[in-house]
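First comes the structure, then the notes that go with it.
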Amino acid sequence: MDPESEGPQIIKVTPLQQMLASCSGAILTSLMVTPLDVVKIRLQAQNNPFSKGKCFVYSNGLMDHLCVCEEEGNKAWYKKPGRFQGTLDAFLKIVRNEGIKSLWSGLPPTLVMAVPATVIYFTCYDQLSAFLRSKLGENESRIPII
């Protein structure tokens, strides 16, 4: 028996293996992307200095305060902490002030959303592709479109 004459050996992947693979992929992706999301949200949340005479609400976690910026020349008594100059500056300040664990502060909700969606999507896609290949033929080019 010549190994070259047999052709390539096809390895079947079970649905459980597909689920485990997509689950681990979703977890690894969430672990790597969550710190970037935290920094992005913090950068988006910092607002520009208030213009003269406008009101804003300051919340200290316990109660809300309605504040009015001072008119011409005088500075507002409240300056929001954590002004970031860019992405790297935000990373460094968040880690320094809040600890490294705060970069993964949104991980549980991310995992609750990402893992089931990824597992269902990839497992169903692979199973449907295999089913269509068995019905329409192995070399059918329209399977990914369907």
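Given the structure is predicted, the values throughout are model-derived calculations rather than measurements.
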Please report, to 0.1 Å, the donor-acceptor pairs under 3.5 Å made by any side chain of residues 105-123, with sequence neighbours excluded.
| from | atom 1 | to | atom 2 | distance (Å) |
| --- | --- | --- | --- | --- |
| S105 | OG | S102 | O | 3.1 |
| T110 | OG1 | G106 | O | 2.8 |
| T118 | OG1 | A114 | O | 2.7 |
| T123 | OG1 | V119 | O | 2.8 |

Taking C-beta and beyond as the side chain, do T34 and L103 meet within less than 4.5 Å on heavy atoms?
no
Closest non-hydrogen atoms of K12 and Q17, given as atom of the first, atom of the second and distance, are O-OE1, 4.1 Å
Next item on the list: Walk me through it: do F91 and L36 pass the test side-chain contact (heavy atoms from CB on, under 4.5 Å)?
Entry: CA-CA 9 Å; F91 264 111; L36 298 172; 3.7 Å; yes
* Asked: Has the side chain of K93 got a donor or acceptor atom that lies under 3.5 Å from a matching backbone atom of R83?
  -> yes
Q) Any chain of hydrophobic side-chain contacts (each under 4.5 Å) joining V39 to L31? A) yes
Excluding I41, membership of its hydrophobic cluster (Ile, Leu, Val, Met, Phe, Trp, Tyr; side-chain heavy atoms within less than 4.5 Å) reads none
### Message
When you compare the side chain of F84 with that of I94, does any pair of heavy atoms fall below 4.5 Å?
### Response
yes
Which pairs would a plain distance check flag for residues 21-30, meaning a side-chain donor or acceptor within less than 3.5 Å of a matching protein atom at least two apart in sequence or in another chain?
| from | atom 1 | to | atom 2 | distance (Å) |
| --- | --- | --- | --- | --- |
| S22 | OG | Q18 | O | 3.0 |
| S22 | OG | M19 | O | 3.1 |
| S24 | OG | L20 | O | 3.2 |
| S24 | OG | A21 | O | 2.9 |
| T29 | OG1 | G25 | O | 2.8 |
| S30 | OG | A26 | O | 2.9 |

Value for CG (D37) from CZ (R42), rounded to nearest 0.5 Å, stands at 12.5 Å
